[in-house]
Colleague: 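I'd like to ask you about the structure that follows.
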Amino acid sequence: DDQLFFNDSEGEEVDDENKMDVDSDDSDDNDDDESDEDAWEDSDDERLNIDISSVDRTRKLRQQEEERFIAGNEYIGRLQKQYNSIFPAPEWAAHKYEEDIELNSDDENNEGNYTNLFDKIGSASHSIVTNSSNPLKEFLSQNRSYAPEEGGNGEISVERLIDANIKRVSHGPVHALSFHPTQPLLLVGGLDRTLRVFHIDGRQNEMITSLHMRQSPVNSASFVQNNNGKTFVLSGGRRKYMMKWSVEGGAVEKITRLYSGENRQKSFEKFVVSSNGELLAVVGSSGWVHLMDIETGRWIHAVKAEGIVSDLCFLNNNILIIGTSNGEIWEFTAGANGGGKLINKWTDGSIVGLTTIRVSNDGKYIAVGCNSGYVHIYNKSTKELIRAIGVLTTSISSIEFSPDNSILCVASRTTRDALRLIRVKSGKVVPNWPTARTPLGRVSTLAWAPSGGYLATANDVGRVRLWKVSRV
């Protein structure tokens, strides 16, 4: 891990060795041996004479009106030229993979054999991104903010804006979206093993920088800003390690071991962070959830719920709420001092196949998504079921409260265009959006901007749609 990065200035050619390799089932770098030579050559082509004046289809290949017979190789060349003039190569076919920063993990493999990498508990590999190659740090120093949200208290209006990642579309499904807490930045990650950061203005959405990690697909990623003003980018996937990028310091750390918890942590593909940027909760195996200090990367303690952990979230930065697939909701204390204690465990018996769980930003409501397509909304203090809403017919995979807690956005990745907006107080589905012509695709994940009324929805073909949600 001595050379984790290479720096690439925008617009320069990237050599074949450092081109981004798109994720596939066989994550090998065997494509370097590919050649532009023809796969098959027929020696008889040179000896053939083709009559191009005999039929109408070939007469258009003539360069002179009296031309009749041409050699086989010439005939092939003219056919290719004719085809290219009718069907020019699309822009995406000529795209070259160019990334600002590449994180090299060639020493890892997909089999999960990492026992000899780090012998000391808490040890990790580091690399430094210099200030000259850290445009994200330069952007954060400008202290920009989201545009103020406009509108009244009437009907909900949704306007489509230019795609959030229009400047650099992901080369595979997008599994992670995260808005910066204070500045207009969107973090995008997916199975192409690349984190991309975009400046969201609704007009240009320029890409600020990107981080490529070989053999490290992104299932979860998050912007984090703690109380000290430090900004981190966290990324995890179906691997026995996760990445932490300290933006101000320029250091990227690979976290691979958890104190007394490595045997229960097979993957870092699902995690959540507290809103104050202090705590990280990572889903382990057999119902275990590990809590870590984000700034130091140290393991704090672990809690255990009975059953399979489907989803989790923080409440007021000091309570961890865990939802299990059997419909039980567990509440634990979080934090370095006195954390890990069970506060409450409850269920109302109506939750079948819990898949997602979220708490409103004001802490008044808990929303639970089920594999039946139903969404249950509870009063947090009384645990009373307020509404059970059958919004979709397939399993709920994403559920998020709007910043003002008035709208609940739910989606399912199982079918196309399966997304709905729910008014939290009335429990009614917004009828005017999405429509049958709204280009959502299979929504793989979604995120609300902290302010400004932006809603980002990602799909399985690498597009991140951007919507302006307001009231008229």
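The first residue in the sequence is number 1, and the count goes up from there. Hydrogens, waters and symmetry mates play no part in the numbers below; they use all other heavy atoms, side chains included.
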Colleague: Closest heavy-atom contact between Q225 and P181?
Modeller: CB-CG, 4.0 Å
Colleague: Any idea which heavy atoms bring C313 and V359 closest together, and the distance?
Modeller: SG-CG2, 3.6 Å
Colleague: Could you walk me through whether T194 and H212 pass the side chain to side chain donor-acceptor pair (under 3.5 Å) check?
Modeller: CA-CA 4 Å; T194 304; H212 179 65; 2.8 Å; yes
Colleague: What is the distance from atom CG of L291 to atom CG of L320, rounded to the nearest 0.5 Å?
Modeller: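 One finds 5.5 Å between CG of L291 and CG of L320.
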Colleague: Show the numbers, then the answer: is there a side chain to side chain contact (heavy atoms under 4.5 Å, CB included) between W433 and V469?
Modeller: CA-CA 10 Å; W433 192 85; V469 182; over 6 Å; no
Colleague: Using a cut-off of 6.0 Å, state whether more than 12 heavy atoms not belonging to R387 lie near its atom CZ.
Modeller: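 Correct, the count exceeds 12.
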Colleague: Determine, for Y365 and K380, whether the Lys NZ or Arg CZ falls below 6.0 Å from the six-membered ring centre while staying within 45 degrees of the axis.
Modeller: no
Colleague: Would a 4.5 Å heavy-atom cut-off, applied to side chains only, mark Y454 and L186 as touching?
Modeller: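 Answer no - side chains too far apart.
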Colleague: May I ask you to check whether E331 and W346 show a side-chain donor-acceptor distance below 3.5 Å?
Modeller: yes
Colleague: For the CD1 atom of I321 and the CG atom of N344, what is their distance to the nearest 0.5 Å?
Modeller: 10.0 Å
Colleague: Any sub-3.5 Å donor-acceptor pair from S285's side-chain atoms to K266's backbone N or O?
Modeller: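 No, S285 side chain to K266 backbone: no donor-acceptor pair under 3.5 Å.
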Colleague: Sort out for me which residue in V303, L342, I343 forms a side-chain contact (heavy atoms from CB on, under 4.5 Å) with T333.
Modeller: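 Output: one option passes, namely I343.
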Colleague: What are the two closest heavy atoms between L354 and T324, and how far apart are they?
Modeller: CB-O, 3.3 Å
Colleague: Strictly distance-based, threshold 3.5 Å: is any side-chain N or O of S274 a donor or acceptor partner for the main-chain N or O of L279?
Modeller: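 Side chain of S274 to backbone of L279: a pair is present.
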Colleague: Does R298 offer a backbone N or O that forms a donor-acceptor pair with the side chain of D293 under 3.5 Å?
Modeller: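 Checked: no pair found.
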Colleague: Taking only residues at least two apart or on different chains, which pairs with a member in residues 218-235 satisfy salt bridge (Lys or Arg N to Asp or Glu O under 4.0 Å)?
Modeller: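 As it turns out, the salt bridge (Lys or Arg N to Asp or Glu O under 4.0 Å) pairs with a partner in residues 218-235, which skip direct neighbours, are K230-E295.
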Colleague: Should Y374 and V410 count as side-chain neighbours, where that means a heavy-atom distance under 4.5 Å?
Modeller: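 Contact flag for Y374/V410 side chains = no.
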Colleague: Let's go through I255 and M292 carefully: what are the C-alpha distance in whole Å and the side-chain angles of both, what is the deciding distance for side chain to side chain contact (heavy atoms under 4.5 Å, CB included) to 0.1 Å, and is it a yes or a no?
Modeller: CA-CA 11 Å; I255 302 173; M292 302 171 60; 3.8 Å; yes
Colleague: Given side chains that start at C-beta, do those of Q204 and I162 come closer than 4.5 Å, heavy atoms only?
Modeller: no
Colleague: Quick one: does N459's side chain have a donor or acceptor within less than 3.5 Å of a partner on G441's backbone?
Modeller: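 Side chain of N459 to backbone of G441: no pair is present.
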Colleague: What is the minimum heavy-atom distance between V218 and A176, and which atoms define it?
Modeller: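 Here V218 and A176 meet closest at CG1-CB, 4.2 Å.
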Colleague: Restricting to pairs with a member in residues 353-365, which pass salt bridge (Lys or Arg N to Asp or Glu O under 4.0 Å), not counting sequence neighbours?
Modeller: D311-R358, R358-E400
Colleague: Quick one: does T445's side chain get under 4.5 Å of H175's, heavy atoms only?
Modeller: no
Colleague: Can any side-chain N or O of S178 pair as donor or acceptor with the backbone N or O of F223 at less than 3.5 Å?
Modeller: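 Yes; judged by distance alone, with no hydrogens or angles, the pair exists.
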Colleague: Got a donor-acceptor contact below 3.5 angstrom from the S157 side chain to the S470 backbone?
Modeller: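 No, the answer is negative, given that no donor and acceptor are paired below the 3.5 Å cut-off.
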Colleague: Aromatic rings H290 and W288: how do their planes relate, parallel, tilted or perpendicular, breaks at 30° and 60°?
Modeller: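 Ring orientation of H290 relative to W288: parallel.
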Colleague: Do T355 and N371 have side-chain N/O donor and acceptor atoms under 3.5 Å apart?
Modeller: no
Colleague: Could you report the tightest heavy-atom contact between F179 and P450, atom names first, then the distance?
Modeller: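 Smallest heavy-atom distance, with atoms named: CB-CD, 3.7 Å.
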Colleague: So if I apply the side-chain contact (heavy atoms from CB on, under 4.5 Å) rule between V464 and each of D163, T457, L177, which one comes out positive?
Modeller: L177
Colleague: Taking all non-hydrogen atoms of both residues into account, name the closest pair between M242 and G236 and its distance.
Modeller: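 Shortest heavy-atom contact: CB-CA, 4.2 Å.
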Colleague: Taking R442 for the side chain and T414 for the main chain, is one N or O donor matched with an acceptor at less than 3.5 Å?
Modeller: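 Yes: the side chain of R442 pairs with the backbone of T414.
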Colleague: Mark yes or no for whether T231, through its side chain, and V247, through its backbone, hold a donor-acceptor pair below 3.5 Å.
Modeller: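 Flag not set: sc T231 to bb V247 has no pair under 3.5 Å.
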Colleague: So, S412 side chain and S395 main chain: donor-acceptor pair closer than 3.5 Å or not?
Modeller: yes
Colleague: Who are the side chain to side chain donor-acceptor pair (under 3.5 Å) partners of K167, not counting sequence neighbours?
Modeller: none
Colleague: Which value, rounded to the nearest 0.5 Å, describes the distance between N219 atom CG and F271 atom CZ?
Modeller: 9.5 Å
Colleague: Considering only heavy atoms from C-beta outward, does the side chain of Y378 approach that of I351 to under 4.5 Å?
Modeller: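 Side chain of Y378 against side chain of I351, heavy atoms only: contact under 4.5 Å found.
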Colleague: How far does CZ of F314 sit from CG of N276, to the nearest 0.5 angstrom?
Modeller: 8.5 Å
Colleague: Is there a side chain to side chain contact (heavy atoms under 4.5 Å, CB included) between L195 and W245 once you walk through the steps?
Modeller: CA-CA 11 Å; L195 295 173; W245 179 11; 5.8 Å; no
Colleague: Is any side-chain heavy atom of L421 closer than 4.5 Å to one of V158?
Modeller: yes
Colleague: Just wondering, do W448 and D404 contact through their side chains at under 4.5 Å, heavy atoms?
Modeller: no
Colleague: For side chain to side chain contact (heavy atoms under 4.5 Å, CB included), just list the numbers for V309 and W330, CA-CA rounded to whole Å, side-chain angles, deciding distance to a tenth of an Å, and then say yes or no.
Modeller: CA-CA 10 Å; V309 176; W330 300 65; over 6 Å; no
Colleague: Check whether D201 reaches the backbone of N205 with its side chain - one donor and one acceptor, N or O, closer than 3.5 Å.
Modeller: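 Looks like yes, one N/O pair under 3.5 Å.
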Colleague: Kindly compute the distance separating CG (L161) from CH2 (W467), expressed to the nearest 0.5 Å.
Modeller: 9.0 Å
Colleague: With a sphere of 6.0 Å drawn around NZ of K341, does it hold more than 12 non-hydrogen atoms of other residues, nucleotides or ligands?
Modeller: no
Colleague: OH/Y241 to CD/E253 distance, rounded to the nearest 0.5 angstrom?
Modeller: 14.5 Å
Colleague: So, do S170 and N165 sit near enough that their side-chain heavy atoms are less than 4.5 Å apart?
Modeller: yes
